[in-house]
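Only one structure is covered here, and it is reproduced in the block below.
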Amino acid sequence: MHEIFINFRVMGAKSIAYEFKRVLEERFGEDSTFLAGGSIELGSNYVETLDNKVRRSSVLLALIGPDWLDVPDPKRRGRRALNNPADWVRRELETAFECGVLVVPVLLERKTEQLDPRRLPRSLSRLAECQFERFSQRTSATDLARLGDRLARKVPELAALDKRPGARRERAHTPEGPSMNNTGQRGGIGNFQGELGTYIQDSSGPLNTGSGSQVNNPHYNGHGTSYENQGEIRYQFGSSHREEDGDR
């Protein structure tokens with residue numbers, strides 16, 4: 001199954017798209033990456049194939065060059081390609097958003113600016129809010145390695161396919177215990193992941209979080225206990241959330 005779908009314009013990004021496919025398949029496997037023109041079998045209905053591949057992918061990489069916004073529509077003079085509802089780049093992106101596929105804009109070369117939602121069709125305005133990556137041909141090896149690392153951390157299906165040396169060992173040593181999300185915490189440490197005992201927020205009285213006796217207050221034992229003492233003690237379990245950082 002193709003986990004990565006590469007969305008690109010032939011004008012200005014075709015050779016880069018094939019480089020992405022080659023490098024990502026070296027890392028995640030031969031069938032991990034879909035690229036129109038290089039992945040559609042002879043005689044296949046390309047309209048159905050493109051639509052199905054977008055819908056079934058885990059992540060769509062949108063390769064965006066300096067002229068991406070203003071590429072002219074070959075079917076109507078004076079119109080941008082993006083303003084044509086039948087434009088394949090637009091249709092693939094719309095389908096990805098519609099199906100909840102992770103969309104990652106990749107800005108090609110340093111002169112490509114972050115997208116302005118006001119210049120995008122309304123159906124694509126959220127593309128400007130997606131965390132992006134940057135790629136330069138001068139630093140292609142480093143940039144693609146970084147992209148692969150981030151994809152492996154973000155997409156479990158790709159992490160399972162990762163052939164990078166040490167990737168399997170890292171997965172084997174990743175703790176599988178419960179995680180904790182401390183959204184809204186005051187006066188504590190950032191994000192916790194893995195097994196965690198008691199979470200204390202703004203407490204001002206004597207407390208005991210160990211196994212000994214509680215002084216001046218009741219003593220609690222067992223799992224899932226919640227105790228309030230002029231503040232809050234909470235157990236909160238769930239998936240940890242990490243904001244993606246980026247070049248903004």
NZ/NE/NH1/NH2 to OD/OE distance under 4.0 Å, Arg91 and Asp87:
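Here Arg91 does not pair with Asp87 in a salt bridge, since their nearest N and O are not under 4.0 Å apart.
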
[atom1] of [X] to [atom2] of [Y]: how many Å apart, nearest 0.5 Å?
| X | Y | atom1 | atom2 | result |
| --- | --- | --- | --- | --- |
| Leu69 | Leu120 | CG | CG | 6.0 Å |
| Leu24 | Leu147 | CG | CG | 6.0 Å |
| Leu151 | Glu133 | CG | CD | 8.0 Å |
| Arg150 | Leu158 | CZ | CG | 14.0 Å |
| Asp73 | Asn84 | CG | CG | 4.5 Å |
| Arg134 | Gln114 | CZ | CD | 8.0 Å |

Take the angle between the ring planes of His2 and Phe34 and call it parallel below 30°, perpendicular above 60°, tilted in between.
perpendicular

Please examine the side chains of [Y] and [X], heavy atoms only from C-beta on, and report whether any two atoms are closer than 4.5 Å.
| X | Y | result |
| --- | --- | --- |
| Glu3 | Leu161 | yes |
| Cys130 | Phe97 | yes |
| Asp51 | Thr95 | yes |
| Arg119 | Asp70 | yes |
| Phe28 | Ile4 | yes |
| Ile6 | Leu63 | yes |
| Ser140 | Glu19 | yes |

I would like to know whether Phe8 and Trp88 meet side chain to side chain contact (heavy atoms under 4.5 Å, CB included); could you show each step before the answer?
CA-CA 9 Å; Phe8 72 103; Trp88 271 110; over 6 Å; no

Please find out if less than 6.0 Å separates the ring center of Phe20 from that of Phe135.
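Yes: the rings meet the under 6.0 Å criterion.
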
Are Met11 and Ile64 joined in one hydrophobic group, where the rule is that I, L, V, M, F, W and Y side chains link up if heavy atoms are under 4.5 Å apart?
no

Does CZ in Arg79 sit with more than 12 non-hydrogen atoms of other residues, nucleotides or ligands closer than 6.0 Å?
yes

[Y] backbone acceptor or donor facing [X] side chain under 3.5 Å:
| X | Y | value |
| --- | --- | --- |
| Arg80 | Pro72 | no |
| Glu109 | Gln137 | yes |
| Asn45 | Glu48 | yes |

Does one side chain, of Thr33 or Glu25, offer a donor that lies under 3.5 Å from an acceptor on the other?
no

Only one of Asn7, Val54, Val101 forms a side-chain contact (heavy atoms from CB on, under 4.5 Å) with Leu93, so which one is it?
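So the option named by the test is Asn7.
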
Looking at Arg90, Glu92, Glu98, which one forms a side-chain contact (heavy atoms from CB on, under 4.5 Å) with Glu94?
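Passing option: Arg90.
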
Of all heavy-atom pairs between [X] and [Y], which one has the smallest distance, and what is that distance?
| X | Y | result |
| --- | --- | --- |
| Pro121 | Asn83 | CG-OD1, 4.3 Å |
| Leu50 | Ala36 | CD2-CB, 3.7 Å |
| Leu35 | Ala17 | CD1-CB, 3.7 Å |
| Lys163 | Gly29 | CE-N, 3.9 Å |
| Arg9 | Ala81 | NH2-CB, 3.6 Å |

Would Val103 and Leu61 count as a side chain to side chain contact (heavy atoms under 4.5 Å, CB included) if you check the C-alpha gap in whole Å, the side-chain angles of each, and the deciding distance to 0.1 Å?
CA-CA 6 Å; Val103 176; Leu61 301 179; over 6 Å; no

Considering the options Thr142, Asp149, Asp143, which one meets the side chain to side chain donor-acceptor pair (under 3.5 Å) requirement together with Arg146?
Asp143

Starting from the C-alpha separation in whole Å, work towards a yes-or-no answer on side chain to side chain contact (heavy atoms under 4.5 Å, CB included) for Leu108 and Val106.
CA-CA 6 Å; Leu108 307 179; Val106 181; 4.1 Å; yes

